[in-house]
Amino acid sequence: MFSELDESDSEELPVFFSVNKPPPDPQNSIRPSPENQVVVLFSSDSEDSFLCSPRKAALAQLLKAQRPEQCLKHIQIVLDPGLLQINGADEILAALQSMESNYVIESQTVPCSITWRRKTGLTQAEEDNWTEEPNVLVPVLLPDFIAMIHNSQMEGPAETLQSFVAEITEKIPGKTLSLAVTELEKHFRLKFIFQQSGSKAQEEGKPRKRKEKAIPVSQLSRLDVEEALVELQLHTGVQVQVLASWKEFGEFASMFTKAVAEAPFKKEKNKTSFSFCLEGDWCRGVKVDCTGKGLLQVWKKQIQQFNRVSLEMANAIVARYPSPLLLMQAYDSHTSEQERHNLLAEVPVRRGDGMTMTTRRVGPDLSKRIYLQMSSHNPDLSLDVTG
């Protein structure tokens with residue numbers, strides 16, 4: 001009877017260890033009282049947890065810190081001092097202060113950049129341990145952005161977007177760079193107003209005001225920007241986020257921080273599932289209980305695996321032959337191969353309801369393919385090329 005038990009069902013017997021206190025004085029022959037004897041009970045599976053429970057508790061705490069509701073508390077945002085010198089620094093700080101993460105101001109390898117750190121301390125002694133996250137966000141000022149695109153259209157040693165990115169990536173090997181440019185739309189609106197005012201002045205025959213000549217508006221077009229960004233992404237793999245204002249940049253930095261904080265949790269979550277196992281009624285398996293409930297759905301899904309077979313076709317065939325055995329018995333009742341090929345050809349297939357309902361047949365092609373699949377012993381037979 002015991003041989004029929006599976007190893008997974010057998011229960012491991014506990015191991016007893018008797019730990020005695022130091023023996024009493026030899027002159028005293030009194031037997032140790034029960035309270036002087038300690039019995040420790042643990043199984044082989046719980047022995048490690050008994051000895052290393054503080055470490056395992058710290059690991060559990062670390063996993064808990066990676067959860068979406070806790071991860072922001074363990075992320076530190078590092079701002080370069082140069083970022084505080086731009087015009088929209090107040091709006092950036094206001095957006096970051098509204099988050100659960102704290103920020104510090106330290107000099108960075110890349111000027112005006114934002115980086116992140118994650119707390120990795122497992123114990124109180126390691127509480128101040130931080131690791132650098134492999135992400136760097138760099139805002140590009142609009143005048144510099146426009147100048148680099150102009151330089152890329154001209155031959156010369158001037159700095160371009162690609163050379164700018166190459167210089168940064170050399171300073172931060174192994175990290176992912178992201179760029180952001182703000183107020184580009186404002187630039188195009190200013191350019192449009194300038195062009196409209198100039199054309200209107202020419203129509204009225206009025207000379208352009210001296211003040212209008214001083215407006216620094218480039219001839220950069222939207223197409224020039226799009227081509228430059230696509231070329232940059234193709235050659236370097238770096239994307240540029242175009243934002244309307246510095247307030248929007250602050251919101252983008254907050255969203256970026258949340259993504260960095262949740263990255264380990266999402267990465268670990270993806271490991272626990274199978275990439276080839278899709279979710280949905282049309283592709284997931286059907287559960288069959290001990291009473292046979294679910295076998296009809298399995299038979300229907302098997303029919304749907306044929307090419308060019310709709311749900312309506314599968315329902316029509318299953319309604320006529322509710323199981324593979326009944327279909328095989330119907331094949332055996334016919335003597336000629338031609339009759340077996342066309343057994344399902346005249347099965348009606350109904351689509352829709354009411355006045356919009358249409359009716360068609362399964363057809364000889366699908367009927368023959370199903371017969372060959374059910375009767376052929378050739379594993380290399382291709383059902384779609386049989387004549």
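Only heavy atoms go into these numbers, but all of them, side chains included; no hydrogens, no water, no symmetry mates.
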Ignoring hydrogens and angles, tell me if any N or O in the side chain of [X] forms a donor-acceptor pair with the backbone of [Y] under 3.5 Å.
X: S113; Y: T109; result: no
X: R369; Y: F306; result: no
X: S163; Y: E159; result: no
X: R361; Y: P348; result: no
X: T236; Y: L232; result: yes
X: D144; Y: L141; result: no
X: R360; Y: R351; result: no

What distance separates [X] [atom1] from [Y] [atom2], expressed to the nearest 0.5 Å?
X: R222; Y: L184; atom1: CZ; atom2: CG; result: 7.5 Å
X: E337; Y: L372; atom1: CD; atom2: CG; result: 8.5 Å
X: S254; Y: I92; atom1: OG; atom2: CD1; result: 10.0 Å
X: L343; Y: R340; atom1: CG; atom2: CZ; result: 10.0 Å
X: H341; Y: D365; atom1: NE2; atom2: CG; result: 12.0 Å
X: Q70; Y: E262; atom1: CD; atom2: CD; result: 12.0 Å

Mind checking what makes side-chain hydrogen bond (donor to acceptor under 3.5 Å, both in side chains) contact with N87, not counting sequence neighbours?
->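 If we apply the side-chain hydrogen bond (donor to acceptor under 3.5 Å, both in side chains) test to N87, skipping adjacent residues, there are no hits.
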Show the numbers, then the answer: is there a side chain to side chain contact (heavy atoms under 4.5 Å, CB included) between Q153 and D224?
-> CA-CA 9 Å; Q153 296 173 347; D224 295 333; 3.3 Å; yes
Find out if a path of hydrophobic residues (ILVMFWY) with successive side-chain heavy-atom gaps under 4.5 Å connects [X] to [Y].
X: L72; Y: W130; value: no
X: M255; Y: L93; value: yes
X: I86; Y: V138; value: no
X: M328; Y: L366; value: yes
X: L83; Y: L142; value: no

Run the side chain to side chain contact (heavy atoms under 4.5 Å, CB included) test against [X] and tell me which residues pass, sequence neighbours left out.
X: S152; answer: I149, T160
X: P134; answer: none
X: S333; answer: none
X: S375; answer: Y371

From CA spacing to verdict: side chain to side chain contact (heavy atoms under 4.5 Å, CB included), V298, Q302 | CA-CA 6 Å; V298 173; Q302 187 177 1; 5.5 Å; no
Going by distance alone, is a donor N or O of one side chain under 3.5 Å from an acceptor N or O of the other, for D289 and T291?
-> yes
Which pairs would a plain distance check flag for residues 237-249, meaning a side-chain donor or acceptor within less than 3.5 Å of a matching protein atom at least two apart in sequence or in another chain?
| from | atom 1 | to | atom 2 | distance (Å) |
| --- | --- | --- | --- | --- |
| S245 | OG | E248 | N | 3.4 |
| E248 | OE1 | A244 | N | 3.4 |

Distance-only donor-acceptor hits, side chain of residues 164-183, under 3.5 Å, sequence neighbours excluded:
| from | atom 1 | to | atom 2 | distance (Å) |
| --- | --- | --- | --- | --- |
| T169 | OG1 | V165 | O | 3.0 |
| T169 | OG1 | A166 | O | 2.9 |

Applying salt bridge (charged side-chain N to carboxylate O under 4.0 Å, His left out), which residue pairs with at least one partner in residues 83-112 are found, sequence neighbours left out?
->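 Salt bridge (charged side-chain N to carboxylate O under 4.0 Å, His left out) check on residues 83-112 returns E106-R117.
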Test I77 against N102 for side chain to side chain contact (heavy atoms under 4.5 Å, CB included), laying out the working first.
-> CA-CA 6 Å; I77 310 169; N102 64 328; over 6 Å; no
Taking distance alone, no hydrogens or angles, what donor-acceptor pairs closer than 3.5 Å link side-chain atoms of residues 312-322 to residues at least two apart or in another chain?
| from | atom 1 | to | atom 2 | distance (Å) |
| --- | --- | --- | --- | --- |
| E312 | OE1 | S310 | OG | 3.3 |
| N315 | OD1 | K300 | NZ | 2.9 |
| N315 | ND2 | L311 | O | 3.2 |

Kindly give the cluster partners of L234, where membership spreads through any ILVMFWY side chain lying under 4.5 Å from a current member.
-> V230
Connected-component partners of V78 among ILVMFWY, side-chain separation under 4.5 Å = V104
Evaluate side chain to side chain donor-acceptor pair (under 3.5 Å) for T115 paired with E133, printing each intermediate quantity in order.
-> CA-CA 7 Å; T115 58; E133 291 293 318; over 6 Å; no
Would you please test V110 and D80 for side chain to side chain contact (heavy atoms under 4.5 Å, CB included) and show each step?
-> CA-CA 8 Å; V110 181; D80 186 80; over 6 Å; no
Minimal non-hydrogen separation, L220 against F188, with atom names | O-CE2, 3.4 Å
Over all heavy atoms of both residues, which pair between S101 and I75 is shortest? Give the atoms and the distance, please.
->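 Minimum heavy-atom contact is CB-O, 3.3 Å.
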Not counting sequence neighbours, list each pair that qualifies as a ring pair (Phe, Tyr, Trp, His ring centres under 6.0 Å) and has a residue in residues 81-116.
->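 Qualifying pairs: W116-F256.
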